[in-house]
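All values derive from a computational prediction rather than experimental measurement. Here is the naming used below: chain letters follow the sequence lines, and residue numbers restart at 1 for every chain.
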Amino acid sequence: MTGAPKISVRGLKKSFGPKVVLDGLDLDVGVGESVVVIGGSGTGKSVMVKCIIGLMEPDAGSIKIDGQEVTGLKRSEREKLMRKFGMLFQGAALFDSLRVWQNVAFGLIQGHGVGKEEARAIAIKTLGAVGLGPEVAELWPAELSGGMQKRVGLARAIAAKPEVIVFDEPTTGLDPIMGDVINDLIIKCVRDLGATAISITHDMASAHKIADRIAMIYKGKIIWQGPANTIDKSGNEYVEQFIHGRAEGPIKMEVRAL
Amino acid sequence: MAFLARVGRVVLAFFSAAGRLTIFTLTALSHCFRPPIYVNLILRQFVDIGYYSLPVVGLTAIFIGMVLALQLHTGFNRITGGESAIAQVVVLGMTRELGPVIAGLMVAGRIGAAIAAEVGTMRVTDQIDALSTLSTNPYKYLVVPRLLAGIVALPVLVLVADNIGVFGGFLVATYKFGFNPAAYLQNTADFLRSSDVISGLVKSAVFGFLISLMGCYTGYHSKGGAQGVGAATTYAVVSASVLILMFDYILSALLFSS
Ligand SMILES: Nc1ncnc2c1ncn2[C@@H]1O[C@H](COP(=O)(O)OP(=O)(O)O)[C@@H](O)[C@H]1O
Ligand SMILES: [Mg+2]
């Protein structure tokens, strides 16, 4: 990583009632870098990215985007800042009352004042970039398979050419081949846009493929991070257990006897 | 001690819920007056709330008007000369009280539930968060159109319900009890004051606001999956119905105190 980081997170804390989810988390993401955050289910990966892009207000800590502190920003400032981000949600989160092309064009029309016909043309072009033909544009989200929904979500996230793209479990729930198609699309889209990327996954094949750097979250902190090709010899027993998917190890699943 | 703690928890929960609702209401209202205003969405909600509620409101109104005349006839039979007051009491009861309340309760069931289910589903599937990431304020896009449409649609519905209810009373009085139709209508027209109708319309505008507000609020704050949305839907209908009857009393006391 060279120069000032695009995103710099320090001491991030977030609890829900008595449940501590993030407990002093630090993370830097360089300009144009692709960082993958791995970790078990329910460890707060989604909460972390929601804090970063401003969908949740953290309890404590600092988040800097391009050197600017963004916690506690006024709503109007916050809305302006959000235009730098595109996000692919865990469940795609497509608007089911709108057609596919309207989903993809949504941010262009609402946020960037692009006219309807032009936005539609851009939407169809963006759908093409994620491998969906123009015939899909007129369908409703409910008519699509899971993999297609993820691709539409991807198209929607990149349509307005954001500076930072967040992918929340992009391959979860897809078959391995479709998962790999999504991985390739992510790499291609991020490269084409020159964007900074934060991806969340617990799919190691996906992490290896799309990451410049991998960070592992456990108990609300980043416990290990390093270049993607070094994770296999991390020397960290938590990481070892996670990437090999072993039930035995320092990470204990809370399973009670029947 | 345990008992006190439990009482304390209930009291605290009540105040925090009241505070959340107040903040939600004020935020939503403040967005009603700041651009952008989505005119298309307001019109679509108006059609949903107003036009598509016409059958159910009309049907209930005619039966209420009919049963009112029936009951009054039985009751007034016990008073000498009381019978002649049926036309007056029917029109007064419909415009001031039954029109607004019946329409309010029917729409609370129909629209309050639909709003809560739609907004709640959008919440639990991250669609509301997705709106924010696409430069769209969810209050402006989801809440404001429903509030404004509710405030305008309910008075229109009540105007229709008033007429149909009075007509129901007219049918029973003339066909069943042999009142002179012309005299009945003359009695009705002579007795009715514009303040009777207007007070009913004012009430119904408040009811429309309450229905949309509770639908949006419970949906917006719903948690979990399908179960959370179900709970939000129930809560929206029950709270809107109770609030309608509460505000009916309060507004009646205020409007008719002079
Ligand atoms: N809005 C919320 N309210 C309460 N608890 C939440 C909320 N969002 C997340 N959590 C809790 O935070 C924890 C981490 O959630 P999440 O970040 O979604 O996990 P994951 O790492 O699988 O993405 C979970 O235990 C979840 O129950
Ligand atoms: Mg998650």
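- For the pair A:R83/B:T133, no side-chain contact is recorded, criterion being any heavy-atom separation below 4.5 Å from C-beta on.
- No side-chain heavy atom of B:D129 sits under 4.5 Å from any side-chain heavy atom of A:M56.
- The contact between A:R156 and chain B is made by backbone and side chain atoms together, counting heavy-atom distances below 4.5 Å.
- Only the side chain of A:K50 comes within less than 4.5 Å of a heavy atom in chain B; its backbone stays farther off.
- Under the side-chain contact (heavy atoms from CB on, under 4.5 Å) criterion, B:Y235 pairs with B:M214, B:T218, B:S239, not counting sequence neighbours.
- Heavy atoms closer than 4.5 Å to chain B are found in the backbone of A:L94, but not in its side chain.
- Listed here is the closest heavy atom pair of B:A130 and A:A93: CB-O, 4.0 Å.
- With rounding to the nearest 0.5 Å, the separation of OG in A:S97 from CZ in B:R44 is 6.5 Å.
- The shortest distance between side-chain heavy atoms of A:E79 and B:N137 falls below 4.5 Å.
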Practice task
Output, in order, the C-alpha distance, side-chain angles, deciding distance and verdict of side chain to side chain contact (heavy atoms under 4.5 Å, CB included) for B:L134 and A:F95.
Solution key: CA-CA 12 Å; B:L134 297 166; A:F95 304 126; 3.8 Å; yes
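- Separation of atoms OG (B:S135) and CD1 (A:I109) is listed at 12.0 Å; rounding is to 0.5 Å.
- The candidate from B:T136, B:T121, B:T125 with the greatest count of non-hydrogen atom pairs under 4.5 Å with chain A is B:T136.
- Residue-environment remark: CZ (B:F167) stays at or below the threshold of 12 foreign heavy atoms within 6.0 Å.
- Going from atom OH of B:Y139 over to atom CZ of A:R75 covers 6.5 Å, rounded to the nearest 0.5 Å.
- Within 6.0 Å of the CD atom in A:E143, the count of heavy atoms belonging to other residues, nucleotides or ligands exceeds 12.
- You'll find the side chain of A:D96 reaches within 4.5 Å of the side chain of B:Q127, heavy atoms only.
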